[in-house]
Protein chains: 2
Amino acid sequence: MPKQVDHEGRRRQIAEAVCLLADERGLEGVTLRDVAERAQVSMGAVQRCFRTKDEMLNFTLGHVGERVTERVRARLLSSPAQSAGSALGYAATEVALLRAEHRTEARVWLAFVAQAAVSETLAATLRANYAALQGLFADLIAEASGRRSVDGVQPPDAQRAARALLALTDGLTAHVLIGHLTPSEAHGVLHAHLDALWKQPGGAEDRA
Amino acid sequence: MPKQVDHEGRRRQIAEAVCLLADERGLEGVTLRDVAERAQVSMGAVQRCFRTKDEMLNFTLGHVGERVTERVRARLLSSPAQSAGSALGYAATEVALLRAEHRTEARVWLAFVAQAAVSETLAATLRANYAALQGLFADLIAEASGRRSVDGVQPPDAQRAARALLALTDGLTAHVLIGHLTPSEAHGVLHAHLDALWKQPGGAEDRA
DNA sequence: ACGGTTCCGATGCAAGCGCATCGGAAAAAG
DNA sequence: CTTTTTCCGATGCGCTTGCATCGGAACCGT
């Protein structure tokens with residue numbers, strides 16, 4: 001057997017470089033040459049790991065998505081004793097990427113969301129991540145409001161509340177990045193929304 | 001006086017072309033040559049109207065923002081007899097750009113939001129638009145919940161509710177574009193949120 | 001040690017980009 | 001009709017991009 005290389009590891013290493021560059025100059029400013037330089041490899045290596053640039057970006061998106069979802073899960077596991085309500089608060093705060101140290105991830109995420117609007121491949125990867133997060137939210141909401149989910153099926157208003165929460169966190173993230181909101185304003189909005197959730201769990205049902 | 005040309009009109013014409021292209025291929029796919037072709041003018045004309053490409057994009061963003069805000073205002077004026085509550089519903093629905101015929105605007109908007117995260121010039125233009133919409137929302141919310149705004153100053157929870165509503169609409173728009181939500185799901189989420197707004201107007205205050 | 005694989009760094013290439021340039025068309029004023 | 005000023009279409013330039021190519025270095029089983 002000839003030379004062997006940890007391909008998956010290198011892929012992640014390259015994905016990190018893509019993130020750094022996308023954070024600084026946006027997704028448009030990501031070129032193969034710059035990525036290679038940032039990842040401390042040659043362009044040839046990058047081309048070997050990813051057949052095309054799109055493949056590289058798609059992998060990077062998946063990588064970031066995994067990281068965020070993983071962090072949310074870790075946050076939940078590290079504080080299992082509390083109520084489902086406060087757990088949901090923590091999870092939502094993580095997803096909103098409000099903390100300064102996650103600003104990079106937030107910018108990368110936003111860049112990919114915009115790109116996904118015109119790239120079906122990216123959109124598919126993105127949808128998978130959103131579905132996972134929404135399911136997680138829905139579980140927590142159903143549990144916190146007493147009606148336990150059965151076989152992974154939540155009452156429809158829990159699904160809807162989860163959709164709302166996910167959209168809200170995404171919107172808040174974007175508004176913070178643009179500078180329309182400060183992180184603490186966004187934090188306030190998010191938690192006010194969550195508080196409101198418990199005070200009227202089941203009323204007001206109409207429309208699809 | 002020599003030849004005279006409606007510069008502002010041509011600028012708008014070019015901005016429309018930018019929108020069409022951004023809708024199809026994303027903001028990255030917008031080149032001066034393509035814009036010129038789509039706008040039925042020569043590249044020279046485009047260069048005369050906008051000194052640089054960034055200037056062109058910035059103008060286009062302002063143009064789209066104006067159009068959306070204008071449509072929301074028109075929607076409000078066309079149905080002034082109803083309650084502030086239902087007016088807010090209409091306004092929010094417009095902002096969320098859920099209708100299929102506004103999908104183009106939505107994609108353009110999202111593309112600019114992502115770009116603004118790395119371009120202070122675009123971010124400034126965008127902030128102005130968000131501020132206008134948020135103020136509009138806050139007015140309606142304050143009016144609907146009885147506490148009239150005085151001298152354009154709303155109670156803090158109206159401001160916060162407006163921020164939440166704006167972030168929610170933006171998030172929903174993005175999720176619809178990506179295909180994570182259907183338009184009717186987004187519609188349902190939005191109106192459930194609005195309904196919840198009236199049922200508990202002032203409680204749950206903490207954090208900044 | 002050595003042959004066979006796998007890897008990769010350097011280089012080349014065609015295409016496309018934003019922008020600068022400029023000669024001449026177009027139009028009001030005399 | 002001539003002049004003067006504004007406008008713009010065509011063209012060229014320098015640069016960057018993603019990708020293809022390939023000779024040789026690196027490595028492992030034998």
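Being a predicted model, the structure only gives us computed values, none of them experimental. Below, read A as the first sequence line, B as the second, and so on, with proteins coming before strands; counting in each chain starts at 1.
- Under a 4.0 Å N-O distance rule, the pair A:R127/A:E120 qualifies as a salt bridge.
- Distances were taken from every side-chain heavy atom of A:T31 (C-beta onward) to each of D:dC19, D:dT17, C:dC19; the shortest belongs to D:dT17.
- Comment: B:E105 engages B:R71 in a salt bridge, judged by a side-chain N to carboxylate O separation of less than 4.0 angstrom.
- Nucleotide C:dC8 holds its P atom 13 Å from the CZ atom of A:R11, rounded to whole Å.
- In summary, A:E24 and A:R38 engage in a salt bridge, as defined by a charged side-chain N under 4.0 Å from a carboxylate O.
- One interatomic measurement links the two molecules: CD of A:E8 to P of C:dC7, which rounds to 14 Å at whole-angstrom precision.
- B:R25 has its CZ atom 14 Å from the C1' atom of C:dC17, to the nearest Å.
- Nucleotide D:dC7 holds its P atom 14 Å from the CZ atom of B:R51, rounded to whole Å.
- Residue A:D34 has its side chain nearest to D:dT17 when only D:dC19, D:dT17, D:dC7 are considered.
- Between A:C49 and A:M43, it is A:C49 whose nearest contact on DNA chain C lies nearer the 5' terminus.
- OP1 or OP2 of C:dC19 has at least one side-chain nitrogen or oxygen of B:T52 nearer than 4.0 Å.
- Rounded to an integer number of Å, the gap from B:F50 CZ to C:dC19 C1' is 16 Å.
- As rounded to whole Å, 13 Å separates atom C1' of C:dA26 from atom CZ of B:R48.
- Using a 4.0 Å heavy-atom cutoff across all strands shown, A:V30 reaches sugar-phosphate atoms only and no base atom.
- The NZ-P distance, from A:K53 to D:dT16, rounds to 15 Å in whole Å.
- B:Q47 has its CD atom 6 Å from the C1' atom of C:dC19, to the nearest Å.
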message = Go through it in stages, so that I can follow the logic: the residues are A:R103 and A:D23, the test is salt bridge (charged side-chain N to carboxylate O under 4.0 Å, His left out), and I'd like the CA-CA distance, side-chain angles, deciding distance and then a yes or no.
response = CA-CA 8 Å; A:R103 207 58 48 86; A:D23 173 46; over 6 Å; no
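- Taking 3.5 Å as the limit, the base of C:dG18 and the side chain of B:R33 contain a donor-acceptor pair of atoms between them.
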inquiry  = With side chain to side chain donor-acceptor pair (under 3.5 Å) as the criterion, how do B:E185 and B:H175 come out once you've worked through the C-alpha distance, each side chain's angles and the decisive distance to 0.1 Å?
reply    = CA-CA 10 Å; B:E185 282 172 344; B:H175 289 186; over 6 Å; no
